[in-house]
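Convention: sequence-line order gives letters A, B, ...; per-chain numbering from 1. None of the values given here were measured: they were computed from a predicted structure. Computed from heavy atoms alone, side chains included, the values below leave out hydrogens, waters and symmetry copies.
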Amino acid sequence: MMKTRFAPSPTGFLHVGGARTALFNWLYARRLGGKFILRIEDTDQVRSTAESAAGILQDMLWLGLNWDEGPQVGGGKNEYFQSMRLTTYEELIQKLLKDGRAYECYETPEQLAAMRAIFDKAKRPFRYRRAMPGRALRTEGPTVIRFDMPYEDITIHDAILGPVTVRADEHDDIIIRKSDGFPTYHFAVVADDHAMGVTHVLRAQEHLMNTPKHLALYRALGWEPPTYAHTPLVFNMDSTKMSKRDKTRAARAGLQAYAKRTADENYSKLAVAAKVSPEQIQAFMAKKVDDTALAATLAGTIGLDLPEIDVQDFRRSGYMADALLNFIALIGWAPGENREVLSRQEMLNLFSVETIGKTNGRFDRKKLTWMNGEYIRKASMDELLAALKSFIEVTDYPLKAASDAVLRELLAMYKDRMATFAEMARNCGFFFQDPVYDEKAKSKFVNTDEGQAFLRQIYPILDAVTDWRKEALTPAMEQILSLGEKKGAAAQAMRVAVSGGAVSPPLLETIALLGRDKTLSRLKAFISSH
RNA sequence: GCCCUCAUCGUCUAGAGGCCUAGGACACGGGCUUUUCACGCCUGUAACUGGGGUUCGAAUCCCCAUGAGGGCACCA
């Protein structure tokens with residue numbers, strides 16, 4: 001049985017890069033009729049959290065990347081959390097110890113750092129080996145167990161990169177059991193991939209140099225290693241690594257500009273608006289803390305968009321899961337025949353490891369946005385509504401209170417003119433609350449002699465309409481559009497009065513949904529106030 | 001510093017020796033459509049990192065240089 005797995009460590013949110021790895025594994029397993037396993041690698045007791053694990057599961061489900069084995073599916077209840085499998089690792093480690101393939105070490109972290117420093121200074125690579133001189137003697141203190149790497153060249157037969165050989169003198173004896181008794185990543189992956197029957201490992205290229213270690217471990221344990229395939233990496237457009245730090249960096253830059261703009265140097269006004277203490281903000285700005293949640297709230301209060309990095313960031317920004325997946329798949333993979341917009345099923349039909357490329361890619365948000373628009377336009381109304389509601393669940397816009405019926409009306413109106421749900425959410429606020437009037441639009445279209453004349457003509461036309469359904473409103477709207485020299489000359493004045501700005505969906509649909517009272521009162525307010 | 005990987009338009013990519021005058025998509029420019037904004041349609045600009053080989057012939061194969069990225073933890 002062919003099996004792939006995605007094995008994130010629960011030390012944060014699910015990153016887009018991780019999502020791509022998960023997708024590739026998911027596609028690969030589904031394509032070949034195998035099984036897809038989800039395993040939580042929580043061997044780092046300090047950094048792993050249960051909340052993070054829960055968040056990752058939730059994001060995987062939002063993306064629609066379901067697993068055949070893993071938390072909540074198949075097997076015992078905690079079988080897919082490494083922290084629950086300690087006895088398994090211990091037995092294996094004891095076996096290696098007995099076979100003489102592993103040994104205890106007594107250096108403290110400080111001693112190791114000092115040894116490394118000496119080599120660094122001499123510009124020589126430091127490799128810990130069993131036979132090296134100067135190893136610490138047995139002590140009472142905590143010990144660590146290392147694997148005795150064989151002194152031989154090791155060749156990885158990578159399904160994407162081809163053969164890659166690492167010379168014998170490049171290896172070092174990796175730690176397989178930490179002093180807290182937990183296995184290290186290197187040991188736990190090998191033990192689990194074997195135990196769970198994983199046959200194909202698709203992981204990011206940053207793991208390439210780990211592979212010889214894993215291969216040696218398989219051999220020492222007498223096991224058949226899986227097929228490895230290392231995927232190219234994904235970077236920001238400026239070729240920096242995509243990381244949560246991008247968010248704090250962007251927030252700091254935006255906040256600095258805000259402080260200058262609004263003369264709020266010590267962030268006292270912002271602190272009040274964001275409901276946090278000024279000290280917190282100052283500590284954040286001074287880079288004393290790297291709190292991404294704080295960065296998000298602060299950015300939110302000054303209307304600053306932070307770069308999306310984690311899967312949930314994209315959800316909050318109003319991207320559809322399928323569009324994100326489709327876009328992400330195309331970095332490093334091309335289905336051929338110039339195909340780009342692919343449904344999940346089409347991706348499944350076309351996917352293969354052979355068609356994954358070797359070159360690192362960059363994350364072009366503009367193309368993602370375009371792709372999301374494509375998905376929005378081709379989605380059915382039911383699909384769109386479901387996706388929109390999943391967006392509404394995690395955000396807080398005025399349309400949060402809208403009924404399904406109203407949401408459907410809005411979607412019909414905005415479908416062709418939005419690239420993300422957030423875009424619609426920002427633009428449709430005037431349906432739910434008084435518009436924030438755009439002063440420039442007002443002075444250009446409303447507070448002019450012509451604009452006033454139009455509004456005075458428009459009001460009675462609409463006031464005469466009692467049946468406010470779209471069909472009944474159509475003749476009145478036609479009449480309004482025919483006002484003035486050229487067709488539609490009066491539209492902008494009405495648009496500004498009704499929506500607050502120079503841009504909105506077509507007026508007929510807009511006022512039909514807005515309702516008679518609000519439409520008329522907004523028009524009237526502009527006539528009488530001038 | 002050492003080891004490893006990669007290298008086609010600004011970006012994602014197609015290209016597995018002649019089909020390449022290098023194709024597609026995003027972005028950008030121009031036009032059409034239009035009650036605003038979009039959508040849609042038409043159209044334009046734009047690339048084989050450099051140098052050596054191999055070959056009748058190289059974006060495609062080899063070598064070197066350069067550039068980019070990854071790794072060198074009691075993190076994964």
Side-chain angles (χ1 to χ4, degrees), chain A residues 7-11 41-44 46-48 105 107-109 112-113 116 119-127 142-146 156 158 160-162 164-167 169-170 172 174-180 182 184-186 188-189 203-212 230 232-233 235 237 239 241 327 330-341 357-371 373 377 414-419 423 427 441 445 477-478 480-483 486-492 494-496 499 501-508:
Chain A
S9 67
T11 54
E41 309 219 319
D42 55 350
T43 52
D44 184 336
V46 180
R47 296 197 300 163
S48 299
C105 289
E107 286 84 6
T108 62
L112 281 173
R116 251 181 224 110
F119 279 80
D120 280 356
K121 211 164 183 180
K123 297 192 171 176
R124 302 288 310 162
F126 175 64
R127 312 251 182 263
T143 60
V144 119
I145 293 175
R146 286 182 191 264
I156 306 156
D158 192 276
I160 293 170
L161 299 171
V164 176
T165 301
V166 177
R167 274 185 289 107
D169 58 358
E170 290 297 328
D172 69 349
I174 49 165
I175 292 175
I176 55 176
R177 195 183 75 185
K178 303 184 249 185
S179 58
D180 66 358
F182 273 55
T184 55
Y185 159 75
H186 298 298
V189 248
R203 51 163 47 156
Q205 219 171 89
E206 61 200 8
H207 284 294
L208 184 61
M209 287 299 108
N210 291 332
T211 312
H230 290 91
L233 271 19
F235 297 93
M237 284 302 278
S239 85
K241 211 168 184 174
F327 171 73
L330 260 24
I331 304 177
W333 175 65
E337 295 173 1
N338 292 332
R339 304 287 311 277
E340 296 228 282
V341 180
K358 300 178 179 182
T359 54
N360 293 161
R362 295 163 198 234
F363 197 95
D364 185 350
R365 286 190 171 70
K366 284 200 172 148
K367 186 157 183 178
L368 199 217
T369 303
W370 163 79
M371 174 130 348
R377 265 164 257 131
Y414 282 94
K415 193 170 180 172
D416 282 346
R417 64 195 87 241
M418 67 167 153
E423 199 181 324
N427 293 334
F445 297 113
M477 204 56 228
E478 284 303 321
I480 291 168
L481 291 179
S482 67
L483 295 173
K486 80 175 201 241
K487 198 190 174 205
Q492 284 306 75
M494 176 170 165
R495 192 182 311 280
V496 174
S499 76
V503 175
S504 85
L507 288 166
L508 176 62

**Nearest-nucleotide comparison on RNA chain B, the residue closer to the 5′ end among A/Pro125 and A/His186** =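 The residue closer to the strand's 5' end, by nearest nucleotide, is A/Pro125.
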**Request:** Assign each of A/Val144 and A/Met418 to its nearest nucleotide of RNA chain B by heavy atoms, then name whichever residue's nucleotide is nearer the 5' end.
**Result:**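 The residue closer to the strand's 5' end, by nearest nucleotide, is A/Met418.
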Measure the shortest side-chain to side-chain distance between [X] and [Y] over non-hydrogen atoms and say whether it is less than 4.5 angstrom.
| X | Y | result |
| --- | --- | --- |
| A/Leu208 | A/Leu161 | yes |
| A/Arg417 | A/Pro506 | yes |
| A/Leu330 | A/Pro335 | yes |
| A/Trp370 | A/Val341 | yes |

Nucleotide paired to [N] in any strand shown, Watson-Crick or G-U, under 3.5 Å:
| N | result |
| --- | --- |
| B/rG40 | B/rC32 |
| B/rG69 | B/rC4 |
| B/rA59 | none |

**Message:** So if I define the base as every atom that isn't primed, P, OP1 or OP2, how would nucleotides 62-71 of chain B read as a B/S/- string at a heavy-atom cutoff under 4.0 Å?
**Reply:** -------SBS
**Message:** Protein within reach of the bases, or only the backbone? For nucleotides 19-31 of chain B, mark each nucleotide 5' to 3' as B, S or -, using heavy atoms under 4.0 Å.
**Reply:** ----BBBSS----
Just to confirm, is there a sub-4.0 Å distance from OP1 or OP2 of [N] to any side-chain nitrogen or oxygen of [X]?
| X | N | value |
| --- | --- | --- |
| A/Arg417 | B/rU34 | no |
| A/Lys358 | B/rC6 | yes |
| A/Thr43 | B/rA76 | yes |
| A/Lys178 | B/rC75 | yes |
| A/Arg377 | B/rG40 | yes |

Say we look at [N] and [M]: how far apart would their [atom1] atoms be, to the nearest angstrom?
| N | M | atom1 | result |
| --- | --- | --- | --- |
| B/rC4 | B/rU60 | C1' | 24 Å |
| B/rA59 | B/rA16 | P | 13 Å |
| B/rA25 | B/rA58 | C1' | 27 Å |
| B/rG51 | B/rG67 | C1' | 15 Å |
| B/rA65 | B/rG30 | P | 46 Å |
| B/rU13 | B/rC48 | C1' | 13 Å |
| B/rG53 | B/rG57 | P | 12 Å |
| B/rU55 | B/rA14 | C1' | 25 Å |

Would you mind classifying the nucleic acid contact of [X] as base, sugar-phosphate or nothing, using non-hydrogen atoms under 4.0 angstrom?
| X | result |
| --- | --- |
| A/Glu337 | nothing |
| A/Ile331 | sugar-phosphate |
| A/Arg47 | base |
| A/Ala334 | sugar-phosphate |
| A/Leu161 | sugar-phosphate |
| A/Arg339 | nothing |
| A/Ser9 | sugar-phosphate |
| A/Pro8 | nothing |
| A/Gly332 | sugar-phosphate |

Let me know the distance between [atom1] of [X] and [atom2] of [N], rounded to the nearest Å.
| X | N | atom1 | atom2 | result |
| --- | --- | --- | --- | --- |
| A/Asp416 | B/rC37 | CG | C1' | 12 Å |
| A/Phe119 | B/rC3 | CZ | P | 16 Å |
| A/Ile156 | B/rC3 | CD1 | C1' | 11 Å |
| A/Tyr414 | B/rU36 | OH | P | 16 Å |
| A/Arg167 | B/rC2 | CZ | C1' | 9 Å |
| A/Arg495 | B/rA38 | CZ | P | 12 Å |

Exercise: identify the closest heavy-atom pair between [X] and [Y]:
| X | Y | value |
| --- | --- | --- |
| A/Ala441 | A/Ala502 | CB-N, 4.0 Å |
| A/Leu112 | A/Glu107 | CG-CB, 3.9 Å |
| A/Ile331 | A/Gly361 | CG2-CA, 3.7 Å |

**Request:** Look only at the side chain of A/Arg127 and the backbone of A/Asp172, and say whether a donor-acceptor pair between them is shorter than 3.5 Å.
**Result:** no
**Message:** With a 3.5 Å distance limit and no angle check, can you tell me whether A/Thr369 reaches the backbone of A/Ala419 through a side-chain donor-acceptor pair?
**Reply:** no
**Prompt:** Between A/His230 and A/Thr211, does a side-chain contact (heavy atoms from CB on, under 4.5 Å) hold up when you go through it step by step?
**Reply:** CA-CA 10 Å; A/His230 290 91; A/Thr211 312; 3.0 Å; yes
**Prompt:** Who are the side chain to side chain donor-acceptor pair (under 3.5 Å) partners of A/Asp169, not counting sequence neighbours?
**Reply:**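 Side chain to side chain donor-acceptor pair (under 3.5 Å) check on A/Asp169 returns A/Arg167.
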**Asked** Of the nucleotides B/rA14, B/rG1, B/rC4, which has the atom closest to the A/Val164 side chain?
**Response**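 Comparing B/rA14, B/rG1, B/rC4 against the side chain of A/Val164, the answer is B/rC4.
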**Request:** Classify the side chain of A/Ser179 and the base of B/rC74 as holding, or not holding, a donor-acceptor pair under 3.5 Å.
**Result:**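 Counting by modelled atom types and ignoring angles, a donor-acceptor contact under 3.5 Å is found here.
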**Prompt:** Taking the six-membered ring for Trp, are A/Phe119 and A/Phe126 parallel (under 30°), tilted (30 to 60°) or perpendicular (over 60°)?
**Reply:** tilted
**Request:** Quick one: do A/Lys367 and A/Arg362 satisfy side-chain contact (heavy atoms from CB on, under 4.5 Å)? Show the steps, please.
**Result:** CA-CA 11 Å; A/Lys367 186 157 183 178; A/Arg362 295 163 198 234; over 6 Å; no
